[in-house]
Structure formats: C-alpha cells, structure tokens
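Presented below is the structure to which this report refers.
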Amino acid sequence: MKDPAELVVDAVDRGIFTVDRAVFTDPAIFELEMRHIFEHTWVYLGLASQVAAPNDYFTTFIGRQPVIVMRDATGRLGAFMNTCRHRGALVCQRRQGNARYHVCAYHGWAYGSDGRSKTIKDLDTGAYSEHFLADDHDLVPVARFGEYRGFLFASLSAEVPSLEMHLGDMRFFLDLVVDQGPKGIEAVPGSSSYTFRANWKLQLENGMDAYHLTSTHPSFMNIVDRRNAGESANRLKSLDFAAYRERGGFTFDHGHSALFTPNPNPQVRPLFASIDELRSRVGEARARWMLNTRNITVFPNLQIAENASLQLRVMRPLSHDLTEMTIHCLAPVDEADAARDFRLRQFEDFFNASGLATPDDTTCYEDCQSGYGAGIVRWQQGYSRGIMSVQPGSGPIGESIGIEARTHQMGAAKVQDETIFHAGYREWVRLMKAGLARDAAGATS
Amino acid sequence: MSGIDPARVLSEVSAFLHDEALALDERRWSDWLDLFTVDCEYWVPAWKSEDEQTSNPGRELSLIYYGARAGLEDRVWRVESRRSVASAVLPRTQHLISNVRVTGSREIPGVSGAAEIDVRCEWTVHQYLPKERAVELFFGRYEVCLVRHPEGLRIARKKIVLLNDYLPARIDFYSL
Ligand code: FES
Ligand SMILES: [Fe+2]
C-alpha cells in the first residue's frame, strides 16, 4: 500500500493540488479510512427530531459499526453500540421505534433506554463468578456524543475536540437551515436509501461541485427551460443553473465546506412562501442567505443541499467501491400545505434515485470508479479550478456574517471553483497521518 | 353495476396491463404515454419504516408523484433527448404482471358506456444492464384506476408499490 500522506499533494502556493486515484481504489486505504477517519472523528448520526419522545430510538452506523441512538425515559439522549454485551447480537433490530426496554432476542438480556443493563436472565441460577457479577453489563456508549441544534453527532474516539470546536463556524450554515421555520425544521416523513458502485469521496466532492452542473445536468436544465417556456405542460418551477451569475465558497478546519450562490429567482424556493414571517423573525440579511442556493459538507458524512427544495444526505461507505446514501427532505415544522407540496415536488424532481438530476450524478460517480480501472493513470487533474483566486481567511463576505473560515472564494459563477474540495482532503490527510502515528506507536510499545 | 360483466372486464383489463408492460419493454414511449389520461395521477410512494409507506403525497415524501401526465412526458422527453447520462445505456427490461383482480367498477353517469374500473395486480421487473453486465430486480403491486372511454381504456391513476426500495443508483419509469 502507498503511504497515505503521499496520496494528496497540497502545494497551492505553487499552484498544485492533486490526489492519487488510489484513495478511491485501494481496499487497504479504505480500511484505514474506516479506522482513522470514521472511527476517530465526529460522525453525523441523525436529527434529534427522529427521537423526539421519551424512549424513542433509531439505529444507524458509525462507519461500519452499528449504533443505537435513544432518548431515555427522562428525555436524555444517548448513543450506544448496537450489540449485546453477552454474545453480541444486535440489541435493536429495527430502524426506529419506541421502547422503554430492549430485550436481546438471543438469551434475553434486557437493557433500558438509557443503555443500562436491566436484567440478566436467570442470573441467580447461573453459578456466576464474583468477577462476572462485578462487571459492567451496560450497552457500551460511544466515546463522545453531542448535539448541535438538533443535529446529532458521535465519535468512537474520545480524542476529538468539542463538537462546537469541530464544527467551527460551519455552525452559521447549520443555523441557516434550522432557523427556516419559527418552530425549527423536521425531516419530512419518508426517506430513501440507495447505493452507488463507487467510492464515498465521489459524493463528498460532487456535493460541492459547481463545475459539473451544466455538463452533467443538461437534461434537467432543458426540462426547466421547457416548463418555463410552456413546451412542457408540467408547471413545476425549479432552479435555473443558467441564471447564476456569481458564486462563493468557504472552507473550514476539520474538512467542512460551504458553497453559496445568490439566487436570481428566490421566488422558486418553497421557503419564499413565508418570506414576510422569515424577514421579520431573522432579518433581511439572514433571510437572503436562507434563500441563496447553498451546499454544505460536514466532513465526513453529512451534506445538505439547498438548491431545489432542501435535502439532507448521509453517506455511509460500504467498501472502497460501494457507498450507501440515505436522503431526507427537510422542511419547517408545520409548514403550510402549498409550500410543503411545492417542496416535495421539487425534491422528487431533482434528488431521488428516481429523480431527474441525482441519477446523472451517481452514474458519473460509477463511471469515474470504472475509469480508475486505468490504474496506470495516477494523478487527478480535478482540484485546480480557482486555485489562483482562492484566498486565505474569511474575506469581506465572511467577515460580514462574522465567521472564521480557512479559505474563501467569491467571484463569477463560471469560476466553478474546485479548491473547495481541498478542505476534505486536508482533513483526510490529517486524520490518516494521526492514525498511522498511533499505529506506529502501538506497534513499538 | 348493470352493463359491467366481471369476467369480460377481467380479461379486458389484463390485456390492457399486458399491453402497457410491453410498451415499456419495447420502449414505445409515446404509445405508453397514450395509455394515460392527461390528468392522471402517477405515484410511487416512499417508505416511512420497515412496514409503512408514505400515504399523503402532499405532506410526505414519494419516490415519484405526478398529478398530471405532463410529469411522465418530461421523463420521456429526457430519455429521448439523449442528454441524460443516467439513461445513456438503457436497461433491457422485462415486466411480468400477475394476480390481476378487479376490485371495483363504476359506470360514469351521463356518458354512455363510460366506466371506472379499479384493478390491482402484482408486478416484477427483471432488467439487464448492458453497461454493467448486471441484473437488477424490482417488484411490487400496482393499484390502478382505469377509465373506459369510447376509444378504449386509459389509466386515470396508477399507484406503484415498490417493495424492494433499497435502490440502486438509478431507477426510472421504464423499470417500474
Ligand atoms: S447475545 Fe444477547 S443475550 Fe445472548
Ligand atoms: Fe449534480
């Protein structure tokens, strides 16, 4: 295996940033990503609104490891490894539900919704040792669990900064999502999961990729045009990439990034239906930010896309060339019927695996993964647009919204900046190096 | 119910469903569109949990929801435009329809011979992906409302229950 630190060349001062295709193709690298990235940083789990009531739970994964997120009887949230302490069966079989107790189906050990061991079947007659009886039989909690305004995260390593520090001023962009409704936001009932036969970082990149829009999605753009011109009888309004004039982006520490485009047609956003309420509650400036087209990545597994409708997507890498996506439509709580209907139709039109845009993206990821079969071609040329215009720090726009960013970029929409991907790869290198150093220390101790 | 003979209706709607399936499998898209009324509802619900589908397309997510044929026309236009890489290499599809039952029928008052017929059936699509050299399988249930006009049967409503909704990277009308 190649040295992970040498798989990313980060020399922007010399006009160079590139990535070795091994990061997408090498199963040994994937193994390290699971250990050193997914098991050693904050990973997005879900929304607090998915476990709104006492004893609500949902199950998910941190990297490859099964996890159960529960609200206990007193309302406290926790996240635990979804494996029985006895001989390992999943304690919870279902994706979501409500249960005060979780009884393992294999030998009947029972746990409370606080993760505590409640009963061990036939404990009295078990001829157990003192050692066993003194042992802790509770579900194993994740090392760190945190919530930022309804977004739930966990880390399997305790060696991480606080969640607030980890998110940094990405919080500004999460706030723009949460504050869209006077009562906050919720995931609309119904979600969809699909897989694509490509590395997870293809999605990580594409979610922030302005350059692909006009070439990957011409059929979507044409359909929007046809509807606007009355050539299609479908009256659904949606975004028009061709109308975009300028675009900006920020990168942050810990791999996060945010992309925004002032929206020339804010009235085609479902949120526009409540524009008066919005302006009076959050002010004109933040209302405008909410109506901007925005795409954000919270490294390594969460993206929120707000171009058509409002999508939250979670990436779950399954192998070096297989990735699972779970997608949700977000909406203000108690949104009016007309706006909700508009939001759903826009979402389905663009995003689903059965939509008119997402399948073109995922097809391109699969074509990339197939193209990487050309193993003698080593270095990517796809991280260079904007490399001469990207600036350090927050810039005037960042300062105007009071955020601290690592880099910023603002200019013509046609720059279609690719330096926004650098953030993820910088964090990738940082975590991989730290993991390899841990391994080396462990091997010599 | 006078004038609607259950046995004759069953064979008539079965033949209609088989024709619709064949139009998709033979990629006769405009023939397929012609089988729908202009104001048809076409609906593929999403799932809320292991056991429950979404039931209110106005408040809950669907995989596809259209309140008019125009939505399907957009999709056909997209495939024919050759501008969508997702359909650049089309799957070879095979629709199988079975267990057809007529669950209700109503004459449309005031229009001689016009009727609405509720049909349910089971469906399976096997598809071969020439690019990936792979096979995919989808299956579920159709809940269809057909209307009989002088020119024949048309689909006024088609709800497609997709039972295996852990999806591959793309799925479109021709695979449902
Ligand atoms: S594995 Fe759970 S009780 Fe034995
Ligand atoms: Fe895209």
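Residue numbering restarts at 1 for every chain, and letters A, B, ... go by the order of the sequence lines.
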For the candidates [options], which exhibits the highest count of non-hydrogen atom pairs separated by less than 4.5 Å from chain B?
{"options": "A:I223, A:D341, A:T362", "result": "A:I223"}
{"options": "A:R226, A:Q96, A:R95", "result": "A:R226"}
{"options": "A:T326, A:T363, A:V188", "result": "A:T363"}
{"options": "A:S191, A:S354, A:P359", "result": "A:S354"}
{"options": "A:R197, A:H328, A:R227, A:R340", "result": "A:R340"}

Under 3.5 Å, is there a donor-acceptor pair between the [X] and [Y] side chains?
{"X": "A:Q303", "Y": "A:Q203", "result": "yes"}
{"X": "B:Y166", "Y": "A:E324", "result": "yes"}
{"X": "A:S49", "Y": "A:E186", "result": "no"}
{"X": "B:D25", "Y": "B:H95", "result": "yes"}

Please look at [X] and chain A and tell me whether the side chain, the backbone, both or neither of the residue comes under 4.5 angstrom of a heavy atom of that chain.
{"X": "B:S49", "answer": "both"}
{"X": "B:P57", "answer": "both"}
{"X": "B:E132", "answer": "side chain"}
{"X": "B:W47", "answer": "backbone"}

Contacts of A:R100 meeting side chain to side chain donor-acceptor pair (under 3.5 Å) (sequence neighbours excluded), chain-then-number -> none

If the condition is side chain to side chain donor-acceptor pair (under 3.5 Å), which residues does B:W43 pass it with, not counting sequence neighbours? B:S62

Where does the angle between the aromatic ring planes of B:W32 and B:Y42 fall among parallel (under 30°), tilted (30 to 60°) and perpendicular (over 60°)? perpendicular

Give the ring-plane orientation class for A:F241 versus A:H217, where under 30° counts as parallel, over 60° as perpendicular and anything between as tilted. tilted

Chain B contact via [X] - side chain, backbone, both or neither, heavy atoms under 4.5 Å:
{"X": "A:A198", "result": "neither"}
{"X": "A:A336", "result": "backbone"}
{"X": "A:E231", "result": "neither"}
{"X": "A:D367", "result": "side chain"}

With respect to chain A, which residue among [options] yields the maximal number of heavy-atom pairs within a distance under 4.5 Å?
{"options": "B:T54, B:V85, B:D165", "result": "B:V85"}
{"options": "B:D74, B:V44, B:D172, B:L176", "result": "B:D74"}
{"options": "B:R82, B:Q53, B:K131, B:E52", "result": "B:K131"}
{"options": "B:S81, B:G71, B:P45, B:S84", "result": "B:S84"}
{"options": "B:F173, B:Y65, B:W77", "result": "B:W77"}

Taking the basic N atoms (NZ, or NE/NH1/NH2) and the acidic carboxylate oxygens, is any pair closer than 4.0 Å for A:D56 and A:R71? no

Keeping the roles fixed (side chain from A:S309, backbone from A:R343), state whether a donor-acceptor pair exists under 3.5 Å. yes

Does NZ or CZ of B:K159 fall inside the cone over B:Y142's six-membered ring, less than 6.0 Å from its centre and within 45° of the axis? no

